[in-house]
Amino acid sequence: MVTDDAAPVAGLVPCDDRPTDEEPVDADEEQPDAPEPVIISVSASDFVELPLVPAQVRVQPEGQSWTVVNLDTIAYTSGEAQVLSTQVLGFDVAVRATPVEFAWDFGDGSDPVVTSDPGLPFPDHTVAHAYSAVAEERRVSLTTTWVGEFQVAGQGPWIPIAGTAQTTSVSDPFEVLEVRTRLVPGPQADRN
């Protein structure tokens, strides 16, 4: 719009004539290179090589070196994540390993019980196995599958690591016994 016969932009300074705080740049002059960004990553092979602590296998009945045939033998472990520290290219890197799968091998030739659950102790147990035959020695073997994430210098988001790692742990040995019940005379039998 024009008023009083004057162009509306008459008082504005053209863009090319604005004053700047920077010195003019000579195109022929060599400029210093900007530093290359440092990219930190933790590979699947790096993750597999970390010293993850295998999850401890707990078996109930606890504190005994035996269990009973045809009754549940309960197994469980911890489902807690582990955080390990390492250095990559001079930077502190935290790696968090979280268990996502538990494969329980009860050592009697039966198929492993595979769960996403670390199990719980009695009476809330969720992982159990009934042995069908006596045995002098059995052990429960646990293969835990872990997924990983890493964080650089304690800042920023946790970044997923491709692939998984596995650890294996084994319970203490125990015997599988057969228990037979019998009716026997006793103090109650003499009261008739």
Side-chain angles (χ1 to χ4, degrees), residues 40-89 91-180:
I40 305 271
S41 71
V42 178
S43 69
S45 61
D46 294 334
F47 183 52
V48 168
E49 292 177 15
L50 288 174
L52 294 174
V53 178
Q56 180 184 6
V57 180
R58 308 286 302 267
V59 176
Q60 286 183 319
E62 233 168 348
Q64 301 181 90
S65 61
W66 55 271
T67 190
V68 178
V69 77
N70 295 325
L71 293 178
D72 278 348
T73 298
I74 299 166
Y76 64 99
T77 191
S78 170
E80 297 293 318
Q82 298 180 36
V83 177
L84 299 114
S85 297
T86 188
Q87 288 247 325
V88 177
L89 301 174
F91 292 91
D92 290 329
V93 175
V95 177
R96 180 170 58 193
T98 305
V100 292
E101 184 179 273
F102 305 88
W104 306 88
D105 184 342
F106 287 88
D108 62 351
S110 61
D111 290 337
V113 175
V114 180
T115 69
S116 60
D117 176 12
L120 292 168
F122 180 84
D124 301 316
H125 60 284
T126 55
V127 178
H129 176 73
Y131 289 97
S132 60
V134 298
E136 287 185 26
E137 183 178 295
R138 289 282 182 247
R139 295 175 189 259
V140 178
S141 173
L142 170 63
T143 301
T144 306
T145 302
W146 306 80
V147 295
E149 305 168 286
F150 72 96
Q151 184 182 56
V152 179
Q155 299 175 356
W158 287 94
I159 301 166
I161 299 170
T164 60
Q166 288 188 329
T167 58
T168 301
S169 49
V170 179
S171 72
D172 291 333
F174 53 88
E175 187 176 2
V176 180
L177 302 173
E178 183 175 27
V179 176
R180 295 178 185 227

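Here the structure is a predicted model, which means the values were calculated and not measured. Any value given below was found using the heavy atoms of this structure, including those in side chains, with hydrogens, waters and symmetry copies removed.
Remark: Ile159 CD1 to Phe150 CZ distance equals 4.0 Å, nearest 0.5 Å. Taken from CG in Leu120 to CD1 in Ile74, the straight-line distance is 10.0 Å, to the nearest 0.5 Å. If you take CD on Gln60 and CG on Asp72, they are separated by 11.0 Å, rounding to the nearest 0.5 Å. A distance of 7.0 Å separates OG1 in Thr77 from CD in Gln56, rounded to the nearest 0.5 Å. Between the OG1 atom of Thr115 and the CD atom of Glu101 there is a distance of 8.0 Å, given to the nearest 0.5 Å. Leu52 contributes atom CG, which lies 5.5 Å from atom CZ of Phe47 (distance to the nearest 0.5 angstrom).
Pro99 approaches Gly79 most closely through the heavy-atom pair CG-O, 3.4 Å. The two residues Gln64 and Pro61 come nearest to each other via the heavy atoms NE2-CB, 2.7 Å. Ala55 and Thr144 get closest at one heavy-atom pair: CB-OG1, 3.9 Å. A pairwise comparison of heavy atoms in Ala44 and Ala162 identifies CB-O, 3.0 Å as the closest pair. The nearest pair of heavy atoms linking Val57 to Leu142 is CG2-CB, 3.5 Å. Of all non-hydrogen atoms in Thr73 and Val59, the two that sit nearest each other are CG2-CG1, 3.5 Å.
Within the structure, ring pair (Phe, Tyr, Trp, His ring centres under 6.0 Å) pairs that include any residue of residues 98-121 comprise Phe106-His129 (at least two apart or interchain). Pairs of residues two or more places apart, or lying in two chains, never qualify as salt bridge (Lys or Arg N to Asp or Glu O under 4.0 Å) while including a residue from residues 113-134. Listed by first then second residue, pairs satisfying salt bridge (Lys or Arg N to Asp or Glu O under 4.0 Å) with a partner in residues 138-162 read Arg96-Glu149, Glu137-Arg139, not counting sequence neighbours.
Under a cut-off of 6.0 angstrom, the local environment of CD in Glu175 is crowded, with over 12 non-hydrogen atoms contributed by other residues, nucleotides or ligands.
At least one side-chain heavy atom of Leu84 sits under 4.5 Å from a side-chain heavy atom of Pro51.
When the options Leu50, Val88, Val83 are evaluated for a side chain to side chain contact (heavy atoms under 4.5 Å, CB included) with Val95, the one that passes is Leu50.
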Run the numbers on Asp92 and Ser85 for side chain to side chain contact (heavy atoms under 4.5 Å, CB included), then give the verdict. CA-CA 7 Å; Asp92 290 329; Ser85 297; over 6 Å; no
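In this structure, the side chain of Asp108 engages the main chain of Ser110 through a donor-acceptor pair within 3.5 Å.
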